[in-house]
Undergrad: 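Next up is a structure, given as structure tokens.
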There are 2 protein chains.
Amino acid sequence: MQKIRIGIVGYGNIGRGVQSAINQSDDMELIAVFTRRDASTLNVNDPKVKVIHIDNAFNYVNEIDVMILCGGSANDLPTQGPQFAAKFNTVDTFDTHAKIPEYFEKMDESSKMCKKISAISIGWDPGLFSINRMFAEAILPNGENYTFWGKGVSQGHSEALKKVEGVKYGIQYTIPKEDAINKVRLGENPKLTTKERHLRECFIVPEENSNRDKIETTIKNMPNYFEPYETVIHFITEEEFKENHKKMPHGGFVIRTGKTGFNNENNQLYEFSIKLESNPEFTSSIVVAYARAIYRMNKEGIYGAKTVFDIPIGYLSPKSMADLRKELL
Amino acid sequence: MQKIRIGIVGYGNIGRGVQSAINQSDDMELIAVFTRRDASTLNVNDPKVKVIHIDNAFNYVNEIDVMILCGGSANDLPTQGPQFAAKFNTVDTFDTHAKIPEYFEKMDESSKMCKKISAISIGWDPGLFSINRMFAEAILPNGENYTFWGKGVSQGHSEALKKVEGVKYGIQYTIPKEDAINKVRLGENPKLTTKERHLRECFIVPEENSNRDKIETTIKNMPNYFEPYETVIHFITEEEFKENHKKMPHGGFVIRTGKTGFNNENNQLYEFSIKLESNPEFTSSIVVAYARAIYRMNKEGIYGAKTVFDIPIGYLSPKSMADLRKELL
């Protein structure tokens, strides 16, 4: 069987996660990594994988079945997305929620020009969580959706910590509040702001001779990032930081309770959750399954921009639809 | 806007659940209930809904957009399914796992004859649980799926109780074992038989002057039903039975843990669960959302038999794909 030939654009955490997910997939092979850096300096730890400068990517139109765009939503994807979608099947993790409709239109236009598919906003949120929010709302119209994030590292908040005077290293975990989750599970449909659903836990390695009280006050009063939240701060040693805070865990919950029956007399609870030791590797695993899906769909003549709402999930599996009906239905 | 016109075939627990779910859906209306009984004796508590003998169903081809088949998998659907699928868009809850491939082929043949869609095996298992098993396997190939059922009433086991000498009323709940669930969540990938995953809890109202020890021994030694399982028996009064055991709760879990990373060094936990006060109403709510989905797909010219693996989930919602991208992605 001919393997699905994958290209990776951008070799950061997601790019590496995609590479390791492809290694777990017998029906796929990684052909090349495309980079903005000097290609000769990038080591991808696999002699079979080419490293190519991004400017030469379009020379590979006949060698790559799906191009996985691993750049960021703020600066890379808004221009890179439409460029690549005009030449390749693409999958990306575009996650600027407010700009998804605009991005979708541009990607749709590009991918229709070459009759390929661009799968946008793939991952777990947007992505897997969106599927669950949508599914739960469709089957339990008389109810309420709740999303909780964490326990997990927030890159943005961790960056903010590092800018505080006296902070040598810092990391921030977003933690869902157990009592809020339990209220939701009971079907109480509580009104909960993001702040009431989460607390922020920070681990700080202070510089020598720094003022811990001042660090703590500065962090807790940082507007938007920490100020409206319940924030817990721990000062730790550099050794502890390096030992216990090097992974990128994350997770979260999508919960909906709804009422059914002629008199809305029955409570129904729908709950989806994930607990991840590596956030980028999980995101990448989803992205790779969607690369398989759009490759198969495009072979059937389907094209244009697609989201998780448009793609039948059977295409994600390497198994045939007949085997899926037999084994997993 | 023209509402989606629904017909119900068979007015048992699922039929009534479908009726109440349609009442919660502004874009749908129930046109008629088709029954094998004498139509004049069936009260559906809604003067706008026609009650028609099943023999006359084919006269309604132009008045019904989707026919929801609420019969049983053992005796009704194997013949009713292919008959109705040759004339109508249909949704059913066919749940005899071993016979799904054969049933799919028959339904596919029928629905292609009239260029309509038959959505088969819709509900939560098969259905929503199948989606989660499949999705989890596709994104975490290096892992293991676990399904737990309950806490919920098993109709078959409750029937078996009632046949025991000295039992006036009886009900059986299947309960997932907490320690087994926790082992799975920890990523230990334990080998667990159905029996090791569940225990059986029975509530019995004994006849007057019956021998409780004998009832207990008979139940616990009933082969297949109770014999290999851990079975707990409670004797209760008729009043307590009628007060606390009239609902049809159910639920369950689909859990997968998988490892990602170049050295399989990171554990990832995927968990889906439901907790239902009414099993038939939840099943019916899913069925009604899929009726909407196949109506919309058929309008676009798609036809043939479909399962949850084939149907893009965006079609389940009354919202447009553009609104879904904006609001729920």
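Per chain, numbering begins at 1; letters A, B, ... match sequence-line order.
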Undergrad: Where on A:Asn23 is there a heavy atom nearer than 4.5 Å to chain B: the side chain, the backbone, both, or neither?
TA: side chain
Undergrad: A quick test of your reading: do over 12 heavy atoms of other residues, nucleotides or ligands sit less than 6.0 Å from CG of B:Asn264?
TA: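 It does: B:Asn264 CG has more than 12 such atoms within range.
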Undergrad: Quick check on A:Tyr290 against chain B: is it the side chain, the backbone, both or neither that has a heavy atom closer than 4.5 Å?
TA: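 Answer is side chain: those atoms of A:Tyr290 sit under 4.5 Å from chain B.
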Undergrad: Do the side chain of B:Gln268 and the main chain of A:Glu277 share a donor and acceptor less than 3.5 angstrom apart?
TA: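 A pair under 3.5 Å: yes.
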Undergrad: Answer yes or no: are there more than 12 heavy-atom neighbours, outside B:Tyr303 itself, under 6.0 Å from its atom OH?
TA: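 Atom OH in B:Tyr303 is not crowded, with 12 or fewer foreign heavy atoms closer than 6.0 Å.
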Undergrad: Counting heavy-atom pairs under 4.5 Å with chain A, which one of B:Ala289, B:Ser317, B:Ser278, B:Ser284 comes out on top?
TA: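 The residue among B:Ala289, B:Ser317, B:Ser278, B:Ser284 with the greatest pair count is B:Ser278.
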Undergrad: Do you know which of A:Pro126, A:Ser273, A:Pro280 has the most heavy-atom pairs with chain B at a distance under 4.5 angstrom?
TA: A:Ser273
Undergrad: Quick check on A:Phe104 against chain B: is it the side chain, the backbone, both or neither that has a heavy atom closer than 4.5 Å?
TA: side chain
Undergrad: Evaluate the side-chain proximity of B:Glu271 to A:Phe272: yes if any heavy-atom separation is below 4.5 Å, no if none is.
TA: no
Undergrad: Report yes if some heavy atom in the side chain of A:Glu137 is under 4.5 Å from a heavy atom in the side chain of B:Leu328; otherwise report no.
TA: yes
Undergrad: To the nearest 0.5 Å, what is the distance between CG (B:Asp323) and CZ (A:Phe309)?
TA: 11.0 Å
Undergrad: What part of A:Lys306 gets within 4.5 angstrom of chain B, counting heavy atoms only: side chain, backbone, both, or neither?
TA: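 Contact with chain B involves no heavy atom of A:Lys306 at all.
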Undergrad: Counting only heavy atoms not in A:Glu300 (residues, nucleotides, ligands), do more than 12 fall under 6.0 Å from its CD?
TA: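 More than 12 within 6.0 Å, yes.
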Undergrad: In terms of heavy-atom pairs under 4.5 Å with chain A, which of B:Arg185, B:Lys247, B:Glu105 leads?
TA: B:Lys247
Undergrad: Check the pair B:Tyr270, A:Lys275 against side-chain contact (heavy atoms from CB on, under 4.5 Å), reporting the backbone distance first and the verdict last.
TA: CA-CA 7 Å; B:Tyr270 176 113; A:Lys275 193 174 170 187; over 6 Å; no
Undergrad: Could you tell me which portion of A:Asp125 (side chain, backbone, both or neither) has an atom closer than 4.5 angstrom to a non-hydrogen atom of chain B?
TA: side chain
Undergrad: Are the side chain of B:Arg133 and the backbone of A:Leu329 linked by a donor-acceptor contact shorter than 3.5 Å?
TA: yes
Undergrad: Quick one: does B:Ile139's side chain get under 4.5 Å of A:Val288's, heavy atoms only?
TA: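 Of all side-chain heavy-atom pairs linking A:Val288 with B:Ile139, none is under 4.5 Å.
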Undergrad: Taking A:Asp26, A:Leu128, A:Asp95, A:Thr257 one by one, which has the highest count of heavy-atom pairs under 4.5 Å against chain B?
TA: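 Option with the top pair count is A:Leu128.
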Undergrad: Between A:Met134 and B:Leu324, which heavy-atom pair has the shortest distance, and what is it?
TA: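 Heavy atoms of A:Met134 and B:Leu324 come nearest at CG-CD2, 3.6 Å.
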Undergrad: Under 4.5 Å between any side-chain heavy atoms of B:Phe262 and A:Asn45, yes or no?
TA: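 A side-chain contact is absent here, since even the closest heavy-atom pair is not under 4.5 Å.
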Undergrad: Go through the atoms of A:Arg292 and report whether side chain, backbone, both or neither lie under 4.5 Å from a heavy atom of chain B.
TA: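 Just the side chain, heavy atoms under 4.5 Å.
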Undergrad: Can you find a heavy atom in the side chain of A:Ile100 that is under 4.5 Å from one in the side chain of B:Lys326?
TA: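 No - every pair of side-chain heavy atoms lies 4.5 Å or more apart.
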Undergrad: For A:Val308, which atoms come within 4.5 Å of any heavy atom of chain B: side chain, backbone, both, or neither?
TA: both
Undergrad: If you count the non-hydrogen atoms of other residues, nucleotides and ligands that lie under 6.0 Å from CD in B:Glu109, is the total more than 12?
TA: no
Undergrad: Do other residues, nucleotides or ligands put more than 12 heavy atoms under 6.0 Å from the NZ atom of A:Lys99?
TA: no
Undergrad: Less than 4.5 Å to any heavy atom of chain A: does that hold for the side chain of B:Ile120, its backbone, both, or neither?
TA: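 Looking at B:Ile120, nothing touches chain A.
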Undergrad: What part of A:Asn263 is in contact with chain B, defined as an atom under 4.5 angstrom from a non-hydrogen atom: side chain, backbone, both or neither?
TA: neither
Undergrad: Please state whether the side chain, the backbone, both or neither of A:Lys259 comes within less than 4.5 Å of a heavy atom of chain B.
TA: backbone
Undergrad: Please look at A:Asn132 and chain B and tell me whether the side chain, the backbone, both or neither of the residue comes under 4.5 angstrom of a heavy atom of that chain.
TA: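 When you check distances to chain B, only side chain atoms of A:Asn132 fall under 4.5 Å.
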Undergrad: Tell me, for A:Leu140 versus chain B, whether the close heavy atoms (under 4.5 Å) come from the side chain, the backbone, both or neither.
TA: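 Just its side chain gets close to chain B.
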Undergrad: Give, as side chain, backbone, both or neither, the part of A:Glu327 having an atom under 4.5 angstrom from any heavy atom of chain B.
TA: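 Interface part for A:Glu327: neither.
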Undergrad: Looking at B:Arg16, B:Gln24, B:Met321, B:Glu265, which makes the most heavy-atom pairs under 4.5 Å with chain A?
TA: B:Gln24
Undergrad: Could you walk me through whether A:Phe282 and B:Thr260 pass side-chain contact (heavy atoms from CB on, under 4.5 Å), step by step?
TA: CA-CA 7 Å; A:Phe282 189 72; B:Thr260 62; 5.7 Å; no
Undergrad: For A:Ile255, which atoms come within 4.5 Å of any heavy atom of chain B: side chain, backbone, both, or neither?
TA: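 Interface part for A:Ile255: neither.
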Undergrad: Measuring heavy-atom distances to chain B, does A:Asn145 have an atom under 4.5 Å in its side chain, in its backbone, in both, or in neither?
TA: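 Interface part for A:Asn145: side chain.
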Undergrad: Do A:Ile313 and B:Ile131 come close enough that some side-chain heavy atom pair is under 4.5 Å?
TA: yes
